[in-house]
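Along the sequence shown, the residues carry numbers beginning at 1.
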Amino acid sequence: MTDRPQLVLASASPRRLALLQQIGIDPDTLMPADIDETPRKGETPRALAQRLARTKAEVARRAADRVEENIDGLVLAADTVVAVGRRILPKAETRAEAEACLQLLSGRGHRVYTGLCVSAPKDVARQRLVETRVRFKRLSRAEIEAYLASGEWRGKAGGYAIQGLAGAFVVKLTGSYSNVVGLPLQETSALLGGLKYPVLGSWHDPARVRA
């Protein structure tokens, strides 16, 4: 469809882009929003995910509106938070951070929250919060060391990537799998569709069908 609104993805995450492309959505522009993601004092994981998604959408909206073709478009932003109880786990940047995350997650359940925000013209915005419950097996020292050596944890919320090697650690998952990867697809497509984005527009193209 040539009359569809422009779509700006406020993220540099290759995982979020790949997930959107999985359901036939190709953003027109990638416009990462560089913001301070530090939790506020007493802020819950749920509130943090929602606030960061909203802030990213606002920052990217201002940037998008400086480009004429984006003014009437949509801006999609998301942020994923991993938590054990009220404890918010970091996006691991060091081996020590990743190791602390894995030790905490070993043999217990945790929750993954993704805040979604879609900004539309005329100050219209729609938000959702998606929660998935995940339980890890009890991890041996050898498993932790091997995962740390892989480097796959780097930059990942909670110090792991479920779509990679860490999938071997998951005993139980309740809720959206794609949410844990970084973008809950059902809720994302519902938000976009509610703002008149033709989510199904490319589904009639046989070239998009993957084996």
Side-chain angles (χ1 to χ4, degrees), residues 9-20 22 30 32-56 77-117 128-185 187-188:
L9 176 61
S11 176
S13 168
R15 297 174 299 282
R16 292 196 175 113
L17 177 59
L19 284 166
L20 279 176
Q22 177 186 318
L30 302 181
D34 185 17
I35 66 170
D36 182 1
E37 299 187 8
T38 305
R40 293 172 177 168
K41 185 177 180 180
E43 191 169 32
T44 66
R46 297 172 63 91
L48 176 64
Q50 291 174 299
R51 176 175 66 84
L52 294 183
R54 182 175 63 252
T55 303
K56 287 179 179 181
D79 194 85
T80 300
V81 173
V82 176
V84 176
R86 290 176 62 93
R87 180 172 176 177
I88 297 168
L89 277 62
K91 292 180 179 175
E93 297 297 343
T94 67
R95 184 185 176 98
E97 283 183 331
E99 183 174 7
C101 288
L102 292 172
Q103 290 175 341
L104 182 63
L105 296 175
S106 176
R108 68 193 304 175
H110 61 278
R111 302 189 185 206
V112 180
Y113 301 96
T114 297
L116 296 171
C117 185
R128 290 287 297 274
L129 178 73
V130 182
E131 173 186 333
T132 303
R133 300 181 184 186
V134 184
R135 178 173 290 277
F136 271 17
K137 61 175 284 190
R138 187 168 297 282
L139 304 178
S140 68
R141 187 67 227 169
E143 287 170 323
I144 291 176
E145 287 294 338
Y147 193 71
L148 292 173
S150 77
E152 191 180 78
W153 47 268
R154 197 174 302 278
K156 307 296 195 303
Y160 76 93
I162 195 171
Q163 72 275 20
L165 301 171
F169 300 157
V170 177
V171 173
K172 185 177 182 181
L173 186 149
T174 304
S176 168
Y177 171 82
S178 62
N179 178 47
V180 186
V181 180
L183 193 70
L185 291 178
E187 292 82 2
T188 299

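Partners of Glu97 under the salt bridge (charged side-chain N to carboxylate O under 4.0 Å, His left out) rule, at least two apart in sequence or in another chain, do not exist in this structure. Looking at residues two or more places apart in sequence or on another chain, you find no salt bridge (charged side-chain N to carboxylate O under 4.0 Å, His left out) involving Arg54. By the side chain to side chain donor-acceptor pair (under 3.5 Å) test, Asp36 pairs with Thr38, sequence neighbours left out. By the side chain to side chain donor-acceptor pair (under 3.5 Å) test, Glu93 pairs with no residue at all, sequence neighbours left out. Cys101 pairs by the side-chain contact (heavy atoms from CB on, under 4.5 Å) definition with Leu89, Pro90, not counting sequence neighbours. Contacts of Pro39 classified as side-chain contact (heavy atoms from CB on, under 4.5 Å), with partners at least two apart in sequence or in another chain: Glu43, Leu48, Ile88. Every residue was checked against the side chain to side chain donor-acceptor pair (under 3.5 Å) condition with Ser11, not counting sequence neighbours, and none meets it. Remark: Arg108 engages no residue in a salt bridge (charged side-chain N to carboxylate O under 4.0 Å, His left out) (not counting sequence neighbours). Residues satisfying the salt bridge (charged side-chain N to carboxylate O under 4.0 Å, His left out) test with Arg87, not counting sequence neighbours, are none. Residues satisfying the side chain to side chain donor-acceptor pair (under 3.5 Å) test with Lys56, not counting sequence neighbours, are Asp79.
Every pair passing ring pair (Phe, Tyr, Trp, His ring centres under 6.0 Å) that includes a residue from residues 90-115 is listed here, sequence neighbours excluded: His110-Phe136, His110-Tyr160. Among residue pairs with one or both ends in residues 130-140, those qualifying as salt bridge (Lys or Arg N to Asp or Glu O under 4.0 Å) are Arg46-Glu131, Arg111-Glu131, Glu131-Arg133, Lys137-Glu143; sequence neighbours excluded.
Note: Leu20 CG to Ser178 OG = 10.0 Å, rounded to the nearest 0.5 Å.
Using a cutoff of 4.0 Å between basic side-chain nitrogens and carboxylate oxygens, Glu145 and Arg95 are scored as salt-bridged.
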